[in-house]
J.: 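Encoded as structure tokens, here's the structure I'll be asking about.
Computed from heavy atoms alone, side chains included, the values below leave out hydrogens, waters and symmetry copies. Note that the structure is a prediction, hence the values are computed from the model and not measured.
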Amino acid sequence: MKIREFARLTGLSAHTLRYYERINLLHVDRDASGHRAYTKQDVKWARCIRRLKDADMPLKDIQEFASLRHHCCGPECQRLQVLEKHRERLEELRKEILEHIDLIDEEVARFKAWNKLE
């Protein structure tokens, strides 16, 4: 499939796809005329990249994850370690966000009490 269809299926822009190819996140075969020829497997991988990016994983970590894509087995798997490290980071962010929400809830309650809104 061509880049336009691939972009539609993955939710990534053609510009982003070309960039990911330049930084070796995507390795795309070319057809006889030199056009990119994406496969269904490429769609799955690009969607995985997008999910990791949406989960706030830095591109540097996604690149590391990608470089280990075909070299992983067992409990010492570096690829698994990349995911676990990112999960820990997200857990810390979740704790911070919940603290922010608690502070906002306290301020809202004070504001409502002061203005006799409840």
Side-chain angles (χ1 to χ4, degrees):
M1 80 187 73
K2 303 290 185 216
I3 197 165
R4 181 177 290 159
E5 175 70 7
F6 190 73
R8 187 185 66 74
L9 290 173
T10 61
L12 298 167
S13 70
H15 175 76
T16 298
L17 293 169
R18 289 184 192 101
Y19 176 68
Y20 286 176
E21 189 175 346
R22 263 195 323 279
I23 64 170
N24 295 317
L25 280 179
L26 288 172
H27 303 281
V28 183
D29 292 328
R30 303 279 179 153
D31 63 18
S33 61
H35 294 102
R36 290 169 180 84
Y38 296 99
T39 66
K40 289 179 182 178
Q41 193 62 30
D42 294 328
V43 171
K44 288 179 186 177
W45 176 238
R47 285 178 177 166
C48 178
I49 293 169
R50 194 179 104 219
R51 282 192 308 274
L52 293 172
K53 190 73 179 127
D54 288 348
D56 204 31
M57 183 180 277
L59 271 179
K60 162 183 80 68
D61 293 348
I62 297 173
Q63 285 175 295
E64 180 182 3
F65 183 75
S67 73
L68 301 166
R69 192 168 159 202
H70 302 292
H71 310 287
C72 191
C73 59
E76 300 300 316
C77 175
Q78 286 179 305
R79 196 165 189 233
L80 179 60
Q81 292 171 8
V82 170
L83 291 174
E84 288 174 336
K85 178 181 158 190
H86 186 63
R87 188 181 191 293
E88 288 172 13
R89 184 174 166 267
L90 290 176
E91 282 296 335
E92 287 300 316
L93 285 172
R94 179 182 11 203
K95 288 176 190 174
E96 287 179 30
I97 289 169
L98 290 174
E99 288 173 7
H100 295 316
I101 290 170
D102 287 344
L103 288 171
I104 289 171
D105 287 345
E106 290 172 16
E107 288 300 314
V108 166
R110 267 192 221 107
F111 180 84
K112 286 181 176 181
W114 175 322
N115 290 289
K116 300 177 174 125
L117 297 175
E118 287 189 352

J.: So, taking the atom named CD1 in Ile101 and the one named CD in Glu106, what distance separates them when rounded to the nearest 0.5 Å?
T.: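 Rounded to the nearest 0.5 Å, the CD1-CD separation comes out at 12.5 Å.
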J.: Test your reading of the model: is there a side-chain donor-acceptor pair from Gln63 to the backbone of Ile23, 3.5 Å cut-off?
T.: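 Present.
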J.: Once rounded to the nearest 0.5 Å, what's the spacing between atom CZ of Phe65 and atom NE2 of His86?
T.: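 If we round to the nearest 0.5 Å, Phe65:CZ and His86:NE2 are 11.0 Å apart.
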J.: Search all heavy atoms of Ser13 against all heavy atoms of Ala7 and return the closest pair with its distance.
T.: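 Shortest heavy-atom separation between Ser13 and Ala7 comes out as C-CB, 4.3 Å.
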J.: Please report the shortest heavy-atom distance between Val82 and Asp61, naming the atom on each side.
T.: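 Distance-wise, the nearest heavy atoms are CG1-O, 3.8 Å.
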J.: Please answer whether the main-chain N or O of Leu17 pairs with a side-chain N or O of Arg22 as donor and acceptor at a distance below 3.5 Å.
T.: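 A pair under 3.5 Å: no.
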J.: Not counting sequence neighbours, list each pair that qualifies as a ring pair (Phe, Tyr, Trp, His ring centres under 6.0 Å) and has a residue in residues 15-55.
T.: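 Output for this query lists Phe6-Tyr38.
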J.: Can Arg18 and Ile3 be said to form a side-chain contact (heavy atoms from CB on, under 4.5 Å), step by step?
T.: CA-CA 9 Å; Arg18 289 184 192 101; Ile3 197 165; 4.0 Å; yes
J.: Let me confirm one number: the CG-CD distance from Leu68 to Glu64, rounded to the nearest 0.5 Å.
T.: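 Between atom CG of Leu68 and atom CD of Glu64 there are 5.5 Å.
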J.: Go through Leu103 and Glu107 one step at a time and tell me if the side-chain contact (heavy atoms from CB on, under 4.5 Å) criterion holds.
T.: CA-CA 6 Å; Leu103 288 171; Glu107 288 300 314; 5.8 Å; no
J.: Please check if the number of heavy atoms outside Arg94 that lie under 6.0 Å from its CZ is greater than 12.
T.: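 No - once you tally the heavy atoms of other residues, nucleotides and ligands closer than 6.0 Å, there are 12 at most.
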J.: Is it true that Glu84 and Arg87 make a salt bridge, defined as a side-chain N closer than 4.0 Å to a carboxylate O?
T.: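 Answer for the salt bridge query: no.
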J.: Does Lys2, at its NZ atom, have more than 12 non-hydrogen atoms belonging to other residues, nucleotides or ligands within less than 6.0 Å?
T.: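 Yes, the 6.0 Å shell around NZ holds more than 12 heavy atoms from other groups.
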J.: Say you draw a straight line from NZ of Lys53 to CD1 of Ile62; how long is it, rounded to the nearest 0.5 Å?
T.: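 These two atoms lie 6.0 Å from each other.
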J.: Hey, does Ile49 have a side-chain heavy atom less than 4.5 Å from the side chain of Leu52?
T.: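 Answer no - side chains too far apart.
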J.: Quick one: pull up CG in Leu12 and CG in Leu26 and give me the separation to the nearest 0.5 Å.
T.: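 Leu12 atom CG to Leu26 atom CG measures 8.0 Å (nearest 0.5 Å).
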J.: Determine which pairs satisfy salt bridge (charged side-chain N to carboxylate O under 4.0 Å, His left out) with at least one residue from residues 35-49, sequence neighbours left out, and list them in order.
T.: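 Residue pairs with at least one partner in residues 35-49: Glu21-Arg36.
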J.: Once rounded to the nearest 0.5 Å, what's the spacing between atom NZ of Lys85 and atom CE of Met57?
T.: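 Answer rounded to 0.5 Å: 9.0 Å.
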J.: Grab the two heavy atoms, one from Arg89 and one from Pro58, that are nearest each other, plus how far apart they are.
T.: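 Smallest heavy-atom distance, with atoms named: NH1-CD, 4.3 Å.
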